[in-house]
Amino acid sequence: MSQSEISIVYSEQFMDHQTGSHPERPARVDAIAQALKKSSFSSSFHWHEPRKATVDELAYVHTEKLISRIESLANQGGGMADPDTVVCPKSYDVGCLSAGAGFVALDLILQNKSKHCFVVSRPPGHHATPSQSMGFCLFNNIAIAARYAQQHEFKKVLILDWDVHHGNGTQDIFYEDDTVFFISTHQHPHYPGTGFKEDTGKGKGEGFTINIPFPPFTPPQSIVDAVYETIESTVPTFQPDIILISAGFDGHKDDPLGNWLLEEKHYKLMTEHVCNLAEKHCDSRIISFLEGGYNLDSLSASCVVHTESMMGV
Ligand SMILES: [Zn+2]
């Protein structure tokens, strides 16, 4: 497979996580899948079914208590994992599928069948901490994938999170770790209230977390420039084996859950910056994971631009 092709990991089963009247709803991934299929470059998209993460694989980053709590909530007919986070009878299975989707992308890269992958899954993951499902997230999909990568040949992982909300769960999981570099840009102040500039890691992880908070209504180019400058200085020194993106599109100007002003062209620029660095420093290996994005039109349009940009279009 050439680098100009892209693998998409997606399943219609992601719509089985039923959340009722909630912004994080099944129609999100359906809108993205339909838009990708209509793209003029859709013939270069290779679609793959995800697989479920096992309990042992969820336990790469989560406590047994959290895992069994979500499973029993689902088995009891559903409930709330936290005030924002719905669990329906099928949510445990769909959560495991969302958590395992990154494994399929990683296997494709490990087998040299792909360089760039986009995981279009839900529920999202970046708010889930080791012991708490929260903020629409049951399990931390990208963190579980990072640990899976490290069990194979990708020992150093860089995660860039550009969702409008801080990736507090991912930060927690890797805060004292010098093998996973976490960079997050997010609206601040905003949910979940974490992600201060001063929070830079702890112990041997000191210096391996960078937070780039920006207030509501920040000029979008300032955000793009800050992301560019940060990854431009970090990637060559950290030398990751792979780059993972927590790709939330709720920083879009039309998104109802954020107050940023990003447009498709800004997601294109950020994607291109990451791709250029990945090409120079980690053999172009990138996996992007869907996080937030709640306006179906801006979400699906941004995902198309993001995917096409990863192909170098
Ligand atoms: Zn978000």
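Counting convention: from 1, in listed order, for ligands and their atoms alike.
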**Fill in**
The angle formed at the Zn ion (ligand 1) by OD2 of Asp163 and OD2 of Asp250 is about (to 10 degrees) 90°
**Asked** Do the two ring centres, one from Tyr267 and one from His306, sit under 6.0 Å apart?
**Response** no
**Message:** Can a side-chain donor-acceptor contact be found between Glu291 and Ser246 if the only test is distance below 3.5 angstrom?
**Reply:** yes
**Fill in**
Residue set satisfying side-chain hydrogen bond (donor to acceptor under 3.5 Å, both in side chains) with Glu264, at least two apart, ordered chain then number -> His252
**Item:** Atom name, His165 (N, O or S, nearest to the Zn ion (ligand 1))
**Value:** ND1
Can you give the donor-acceptor pairs under 3.5 Å from side chains of residues 152-165 to other protein atoms, not counting sequence neighbours?
unit_1	atom_1	unit_2	atom_2	d
His152	ND1	Tyr148	O	2.8
Lys155	NZ	Gln150	O	2.8
Lys155	NZ	His152	O	2.7
Lys156	NZ	Phe238	O	2.6
Asp161	OD1	Asp163	N	3.1
Asp161	OD2	His126	ND1	2.7
Trp162	NE1	Gly248	O	3.2
Asp163	OD1	His165	N	2.8
Asp163	OD1	His165	ND1	3.1
Asp163	OD2	Gly292	N	2.9
His165	ND1	Asp250	OD2	3.0
His165	NE2	His190	NE2	3.2

**Item:** N, O or S of His126 under 2.8 Å from the Zn ion (ligand 1)
**Value:** no
